[in-house]
Amino acid sequence: MSSRQILSKLGSFQEQAFVNGIWQSSASQKTFPVYSPSTGELVANVADCDANDTKKAIDVANQAFQLWKTTSCRERSALLKDLYEGMMSNQKDLATIMAIESGKPISEGMMEVKFAASFFEWYAGEAMRMNGEVLPNAEPNNRRIVIKQPVGVCGLITPWNFPIGMITRKLGPALAAGCTAVLKPSEETPLTALAFGKIAEEVGMPAGLLNIVTASRENTDQVGGALCDSDVIRKITFTGSTRVGKLLYERSAQNVKRLSMELGGNAPFIVFNSANAKLAAQKAVMSRFRNTGQTCVCAERVFVQDEIYDEFLEELKKCVAELQLGDPLDASTTQSAVINQRALDSIQDKVTDAKEKGASIAVGGNLAESKGSLYYEPTIITDCKIDMKVFKEEIFGPVIPLIKFQSESIGVLMANAHSTGLAGYIMSRDMAQVWRVSEALEVGMVGVNDQAISCDIIPFGGVKESGLGREGSVHGLNDYTELKYIHFGLE
Ligand SMILES: NC(=O)c1ccc[n+]([C@@H]2O[C@H](COP(=O)([O-])OP(=O)(O)OC[C@H]3O[C@@H](n4cnc5c(N)ncnc54)[C@H](O)[C@@H]3O)[C@@H](O)[C@H]2O)c1
Ligand SMILES: O=CCCC(=O)O
């Protein structure tokens, strides 16, 4: 069966935009093609919305906001619980759509749906605790309180690498706080977003709370521009590259919008001499090769201390040899195609640059054409230096570069010598060292002897050019609220 046939059998498969609870074409009637990265097949033609379609969606979201902001916390919590159940009942379908349109192995896709749904479960609870404050009496004749109110209509712009998790991590707290949304998913993965819209419709989400405006790469700037330029949109919440984040930041300055920015990572992964080499290698591979190396918190730059270097490299080779390249719809596949030709070209360019500057390829280093035109071999590069592109830029592919260091202070210095600061990892059994290095790393999140750091209950986010704000936890809810102080005179 072709991928297109598989998709057309799924109840949640949609190609039209979703505005005001109605499935609709773009006003221009234009569509754009969606291809499967693993097979190259054309799998869908999706509504290609422009600035005018986006303005209509903003108006609808604004009308819905006037009602949604007045609902009780119980009503909002109930909808979030229904969204959680709806997603979990459609776990396999969503994972299948992701496998087809993004190449994400289905076993990972199943985990992503669970992860994504957990934000609705978590914020169903947090919606019930959006407490304000009663301030202490500073004078006898007045009282002061602080209330939390929804920030307003939000523009959500999301990437392709976590096609559903990056939507729900924003939408969960937005709806819990009383906000409504206009979502622009990535042009690479609109089908997952639209399938979610179908699930939301089926669980009875009121019309206009979530409006999905799909757009081609060519129209993305128009849609993003309409969201940033609108005075009605009070917050832009973006996950994607630092380059695009900066554009949106600048464009949102004109009407001083609230911003949440979850941007590029380039995470350091530091293996100290005291680490368990086998465990460190397993964790490095789980982190680096998750989603075929296309994860913002992936171990991108691996620093290994001199005494453990050889043992770690041997263990790493064993773990990499166990990775299974294949069809993303096959349950045993762990590595699949990368998202598109640009991504593949960029990976090849970085590996070539490393080789030209003196690095060695210990494993892999080639296209895996027998699997498909966008497959790349899991690759280990040794003898790297910090002036190589594999260290300076996000690789976003199945390539792990190693650099040897001698002292803790040099390791930390090299790890911090980067403009981004999302996650960082420390492999060490020396607890004093773990404390010192955790505090010294210039990142928003630290994984100690573990790589699975992301979930609903933690404040996910970065420092430096990795972004602004936090997603998940109570902090993620606060990012969708405004504080209002009210003063009462008692005379
Ligand atoms: N920090 C995090 O939580 C996190 C999570 C996932 C991905 N990421 C980052 O995302 C990047 C990979 O995702 P990507 O390639 O989809 O990123 P991207 O920045 O190219 O695209 C992200 C989104 O922005 C849209 N976009 C692109 N140009 C735009 C414009 N001019 N105006 C408005 N919207 C525009 C895209 O269509 C897409 O929807 C990596 O850098 C990765 O580290 C970060
Ligand atoms: O790409 C980054 C998001 C995935 C995660 O939250 O671990």
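Counting convention: from 1, in listed order, for ligands and their atoms alike.
Heavy atoms of Gly461 stay at 4.0 angstrom or farther from ligand 1. Heavy atoms of Arg251 come nearer than 4.0 angstrom to ligand 1 in no pair at all.
Checked by distance only, ligand 1 and Ser241 come closer than 3.5 Å through their nitrogen or oxygen atoms. Residue-to-ligand polar distances place Trp160 within reach of ligand 1: an N/O pair is separated by less than 3.5 Å.
Relative ring orientation between Phe162 and Phe115 is described as perpendicular, the plane-to-plane angle rising above 60° on a 0-90° scale split at 30° and 60°.
Taking each of Cys298, Cys296, Ala423 in turn, the one with a heavy atom nearest to atom 3 (C) of ligand 2 proves to be Cys296. For the residues Cys296, Pro185, Ala215, the heavy atom positioned nearest atom 8 (N) of ligand 1 is part of Cys296. Closest heavy-atom approach to atom 32 (N) of ligand 1 within the set Leu248, Thr239, Asn219: this belongs to Leu248.
Within the 4.0 Å cut-off (strictly below), no protein heavy atom is located near atom 21 (O) of ligand 1.
In summary, Glu442 and Lys464 engage in a salt bridge, as defined by a charged side-chain N under 4.0 Å from a carboxylate O.
Residue-level proximity to ligand 2 for Asn161 is carried by the side chain, the only part with a heavy atom below 4.0 angstrom. The side chain of Arg290, and not its backbone, has at least one atom closer than 4.0 Å to an atom of ligand 2 (non-hydrogen atoms only; side chain from C-beta on).
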